[in-house]
Amino acid sequence: MFFSPFFKYRFWKMKCFSRYLPYIFRPANTILSSSCHTEADIISTVEFNHTGELLATGDKGGRVVIFQREQESKNQPHRRGEYNVYSTFQSHEPEFDYLKSLEIEEKINKIRWLPQQNAAYFLLSTNDKTVKLWKVSERDKRPEGYNLKDEDGRLRDPSMITSLRVPVLRPMDLMVEATPRRVFANAHTYHINSISVNSDYETYMSADDLRINLWNFEITNQSFNIVDIKPANMEELTEVITAAEFHPHHCNTFVYSSSKGTIRLCDMRTSALCDRHAKFFEEPEDPSNRSFFSEIISSISDVKFSHSGRYIMTRDYLTVKVWDLNMENRPIETYQVHDYLRSKLCSLYENDCIFDKFECVWNGSDSVIMTGSYNNFFRMFDRNTKRDVTLEASRENSKPRAVLKPRKVCVGGKRRKDEISVDSLDFSKKILHTAWHPSENIIAVAATNNLYIFQDKVN
Amino acid sequence: MPVETQEERGETASPVGEIQLLRWSLLSWEPLPLSGASLRSHDSWTCSLLVPECRLWDPVHVFLTPVVPQWPFYNLDTMFMRGLKRKCFDGEEDIEGTLAGIKAIPSYNLQRQSLLDMSLVKLQLCHMLVEPNLCRSVLIANTVRQIQEEMTQDGTWQMINMQNTGQASVDRLVSTDILCRSSREQAEGKHVPGYSTFSKDFEGDQAQDSSETMSTASSVQALRNLQSNVWEMENSQENKGNFQKSLDQIFETLENKSPNSVEDLFSEVDNSYYDLDTMLTGMMSNTKMGHCDGLEPFPSPTTTTSSSNCKSDLNELDHIVEILVES
């Protein structure tokens, strides 16, 4: 990978949303610090809806915050569609499993939008155990002029009513309300890591470490188990499911990835229980790179279909790989995200960083892929030109509307100006969750408790 | 031969002067000078000495996760990087590095052993309030299995087996030994509920004596039992409760300590191992002997016990200091 100032897109910072404790709640010694946030503010998932008009984020505290893009107005042409907070609601609460005497975290693991079919928006949000379907709707009118009750709501004395009137709808301040429409609970023994809406828009699947269940949106008390890799004897367990996704166009096809670096594509038409894969994607191991950590770093943390449905992209600890569905024996493209960490694997194993689950995303045209790294860096790879760029999501370095400067990590030897050495990387600042607008070059990057929205500079 | 400076090496190894300062600090209870380039002053985070910039652990976890045998003059990653490239050490190549006196290349066995220790401890720490991450547990367990298979093939497994059976000489699970030892100091040999719970996990026998330590020989069995325990969550409530209890017990006893009694903690520690000169001399003499296995900082596997003791004793020291610094 080389330093590439001529990457196709040049991003500038549109907005940064941060969650912090209000000043009055901060400990005295951090009053002036900008980094005092609670653990509940850490963003755990980011997702654009199908039109890109809405952007949903979930955090560790079980809250969902939805941002909406402003309509472009002729009065302020330079404010090209900024995102502002649209709705905030508490999706999941912490629970306690009395049988096992364990807490169930309220952290939102994934959010997936349903395509819009009427004026309301629907999304699925999930924590470790329960999936919920939320309806987000606007209310900007209210009826006035009831016969039987006052404007305050008090009942009127029927004997005092002399005439009838028809209630009329009058405009009111816009109110966005979120209501839980379905709660899909008690179907997962292990922690849910993925949800995926099927292209038929009637079913969706939820995947935990050992099982995948298929749900119908209308039915909450039943689900079909379509994959089960739990061994009869738990002592023989060596592999878990790490991510799963439906094909974007074929409602019978889905893929799931494992901790051993394999991807299985299954066809639900073959049998009710898809234990036998239709395709099995695995790259043979490189013997020269073998170490004790080979298996851990080969564990796939995210799998995403391309918008076309022809390719899948997988993220393991050090690389991003693009696979053609028609070729199972190796990926067609492999991109090194942060290969300089290969020599640091033992430290990263010791401090558990090696288990970090990075996500990866496609852009709308499937020509560029993006994924996060440490030190608030995130990387983009152009599949056509084979160029790549490293950018940083940080408040200090970028003035508003300044173009993001490409960053470089130097591995050893002489460190040029503006380069960062591997030993100075901050491993607590990791970008695990990113999202790309479905049709435009707008990206959302979650850095701990900050959400950055970047836009491609229009020349 | 040229001796590289620290900058030239680009590593965070400390020169000899700092090692001695470090040792002095340990005995006098001042906060450890943490090495590393850029330290940020976040009070709520703690550092790994290996990755100083890492701010991942909350103060609870730092008690429980030991720093891997952290000799100040080892860079663990270099250790692994060099070791993994060749299984059989070429003595001549390594003389340069070792005669610098500080950068010793440990044996592949030592690397492997420390990784095994680290992994076993990580598996143990799964008994927390929230259900442990199954993927992480599976990956760590697979790593342990891989190491054990390799050790069995090497024949190292049998050697250690023969040494350790019957005698509780080597404690592989360092953090539990800390729990044992600290509370034993105070409680005059009182039964440690936390440790016995672990024993219960491993052996399924309630009457296990808390002073019985886990040897590597039984760690395979331990691993299997631990696996099924972690993954089935059968005894989780009990484990959690007891573990919490033992933790609280230790924190209490440590907080109540007066500075004088702190030294009593160290009184049992065998000071001979802390004589840096002896250790270095030992290394040098090994070097000069031109060991057939190549250079190792410790004697050959036949005397692994003493080296591991040395290593684990320093581990304990690190742990105790970390606990005290935090409290």
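Protein chains get the first letters and strands the later ones, always in sequence-line order, with residue 1 at the start of each.
For A/Glu359 and A/Lys110, the salt-bridge test passes: some basic side-chain N is under 4.0 Å from an acidic carboxylate O.
In this structure, the portions of A/Ser259 lying under 4.5 Å from any heavy atom of chain B include both its backbone and its side chain. If you measure heavy-atom distances from A/Tyr349 to chain B, the contacts under 4.5 Å come from both the backbone and the side chain. Using a 4.5 Å cut-off between heavy atoms, A/Leu210 contacts chain B through its side chain alone, with no backbone atom that close. Residue A/Thr189 touches chain B through its backbone alone, counting heavy-atom pairs closer than 4.5 Å.
Considering only heavy atoms from C-beta on, A/Phe377 comes within 4.5 Å of A/Ile420 through its side chain.
Between the side chains of B/Asn142 and B/Gln146, no donor-acceptor pair is found at a separation under 3.5 Å.
Panel note: side chain A/Arg315, backbone A/Gly372; a donor-acceptor pair is recorded below 3.5 Å.
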